> 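So that we are looking at the same thing, I have put the structure below in structure tokens.
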Amino acid sequence: TTVCNERTGRSGSIASPPTHLDITQKIDVNPPKGTRDFPPEEMRLRNWLFQNFREVSQLFGFEEVDFPVLESEALFIRKAGEEIRDQLYCFEDRGNRRVALRPELTPSLARLVIQKGKSVSLPLKWYAIGQCWRYERMTRGRRREHYQWNMDIIGVPDVSAEAELISSIVTFFKRIGITASDVGFKVSSRKVLQEVLRRYSVPESLFGRVCIIIDKMEKIPINEVKKELKSAGLSEEAVEELLEILSMNSLAKLEEKLGDSVEALADLKQLFSLAEKYGYSEWIQFDASIVRGLAYYTGIVFEGFDREGKLRAICGGGRYDRLLSTFGGDDIPACGFGFGDAVIIELLKERGLLPELGPQVENIVCSLDQDLHGAASAVAAKLREKGQSVDLVLENKPLKWVFKRAARINARRLILVGSAEWQKGMVGVKILSSVANTMGTEGNTAHSSRISDYG
Ligand SMILES: OCc1cccc(Br)n1
């Protein structure tokens, strides 16, 4: 079987877990290397981010899908020398199957489309938000998991699909306060590369590998890139021509170089024209050096970048018309993007745009003595039936403690169940939060109320 990492030959095997934990053993309370916990504050920010992903996806008429985080390793084994392959989080399961924690969502999406076959009608507009994994030497201290938002359009060969996808990301950025002066999209087409390789009779089979080598241009010295291109079989002349074209950021200059019959040019011109119609021209620019680091892209590719140049790519995507057929499916055109949950948060921090997201509960309910806890529970149940959120104080606590907790959880109202009022079917109500006061109720911040009055 093909293992995910021939270089080390290491393929993890599942040792049987211990049958009991030694109670004296102090466990490490931190999450595994490269992974994160999401305590409430971080979870609120994550939910806010994902809610914006979801609302934009729904605004564009996309349907949500999801797949197992664990997939057959074979789904990700490609021979183009991608980083994602070298860092595959793969192992052999207890049934001796080669499996991997997904490093990306697109292959799973392609698998599901093929599985659905004729039972779904094209085009499909699907989105997913899923945790993706890589196993990287922690020497670089980078994370091993992140969440990725993906949107994909399956079954539309025209560049109108890529234009729609970029529009959805622009819409997302605008929703969270990011403008075209903060972020832009570098756009190109791999058909430019394909045309140059064709002119130098480089075999199609080398296309993916050449793209992956070029994608490293920003990360390794140019001489190393040239060396790798030559070792892949490109002539000195082809390499020089390729690098000259990749340095272009003007469509006019590219046309001068390649002539106006090249399909890549028609695609890019159409994309820029549609961008004008959508109203997001100021967000995009042609940059021939953009190839992206996934072997399966075949056409338009794009990536979102921060204009201050401090951060890694925010998102990226493109057309992948051959992926489904390489999985044995029909020749169905497709395009999509991935948007990670880490760089965007760094950008929002940089720009002072992180949202203020404190806890929020409408009511805190407490009994003034222990034998009224049942009454307090009944009050909480009634409020909850009416859709009111309630933090019910579960133990006998001094009022000072209750007020402190009410402030900490940002409760808007304190409901006190005391014997005197309870005899009359009443409870004490104290309006706590500033929100309540702005609603013009400062006057009666404390009063008794029949619990049935509270909707
Ligand atoms: O963007 C590449 C990637 C894939 C999986 C997990 C992480 Br962290 N990063």
Side-chain angles (χ1 to χ4, degrees), residues 4-5 12 30-38 42-43 45-46 49-50 53 66-78 80-91 99-111 127-152 165 169 172 183 185-186 208 211-220 290-297 301-306 310-318 320 323 335-349:
C4 63
N5 200 329
N30 294 303
K33 272 183 185 305
T35 70
R36 299 164 290 175
D37 292 316
F38 287 88
E42 284 74 7
M43 197 62 197
L45 179 58
R46 175 174 131 181
L49 184 68
F50 290 12
F53 288 159
D66 196 6
F67 329 95
V69 73
L70 184 74
E71 285 277 12
S72 161
E73 179 190 64
L75 212 56
F76 311 110
I77 295 294
R78 302 185 288 259
E82 295 154 287
E83 187 180 77
I84 209 162
R85 159 83 191 267
D86 294 341
Q87 298 171 351
L88 199 56
Y89 208 129
C90 54
F91 55 93
V99 290
L101 297 181
R102 64 191 176 194
E104 54 169 332
L105 301 175
T106 308
S108 301
L109 180 133
R111 176 180 60 70
Y127 79 96
I129 303 172
Q131 192 174 35
C132 296
W133 293 80
R134 66 181 172 197
Y135 190 91
E136 196 181 28
R137 304 266 149 274
M138 282 315 277
T139 44
R140 290 170 55 179
R142 292 207 299 170
R143 283 195 290 105
R144 286 185 174 156
E145 54 76 23
H146 74 169
Y147 283 81
Q148 234 193 50
W149 169 41
N150 279 214
M151 288 178 83
D152 291 83
L165 290 175
I169 310 174
F172 169 78
V183 161
F185 291 87
K186 292 173 184 169
C211 291
I212 299 311
I213 295 169
I214 287 163
D215 181 61
K216 295 190 258 185
M217 246 175 17
E218 304 289 313
K219 302 153 202 159
I220 63 174
I290 294 303
V291 284
R292 298 296 297 161
L294 293 168
Y296 49 67
Y297 287 132
V301 283
F302 54 87
E303 78 181 28
F305 69 100
D306 93 279
K310 289 182 188 164
L311 305 172
R312 303 184 311 283
I314 302 165
C315 57
Y320 52 95
L323 185 63
C335 60
F337 68 80
F339 193 124
D341 69 340
V343 179
I344 185 61
I345 296 300
E346 289 171 46
L347 178 68
L348 290 172
K349 280 179 186 157

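For this chain, numbers begin at 1 and follow the sequence in order. The model shown is predicted, which means the values in this text are computed figures rather than measured ones. Both ligands and their constituent atoms are indexed starting at 1 by order of listing.
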> If the threshold is 4.0 Å, N to carboxylate O, is there a salt bridge linking Glu42 and Arg36?
no

> Can you spot which of Phe53, Tyr127, Phe50 makes a ring-ring contact (aromatic ring centres under 6.0 Å, His included) with Phe172?
Phe53

> Using 4.0 Å as the upper bound for N to carboxylate O, is an ion pair formed by Arg78 and Glu104?
yes

> When Gln131 is tested against each of Gln148, His146, Glu145 for side-chain hydrogen bond (donor to acceptor under 3.5 Å, both in side chains), which residue passes?
Glu145

> Any carboxylate oxygen within less than 4.0 angstrom of a Lys/Arg side-chain nitrogen, looking at Asp306 and Lys349?
no

> Using a 3.5 Å cut-off on N/O to N/O, what pairs does ligand 1 make with the protein? A line per pair would be great.
unit_1	atom_1	unit_2	atom_2	d
ligand 1	9 (N)	Arg134	NH1	3.4

> Compute whether any side-chain donor of one residue and acceptor of the other, for Arg46 and Tyr147, lie under 3.5 angstrom apart.
yes

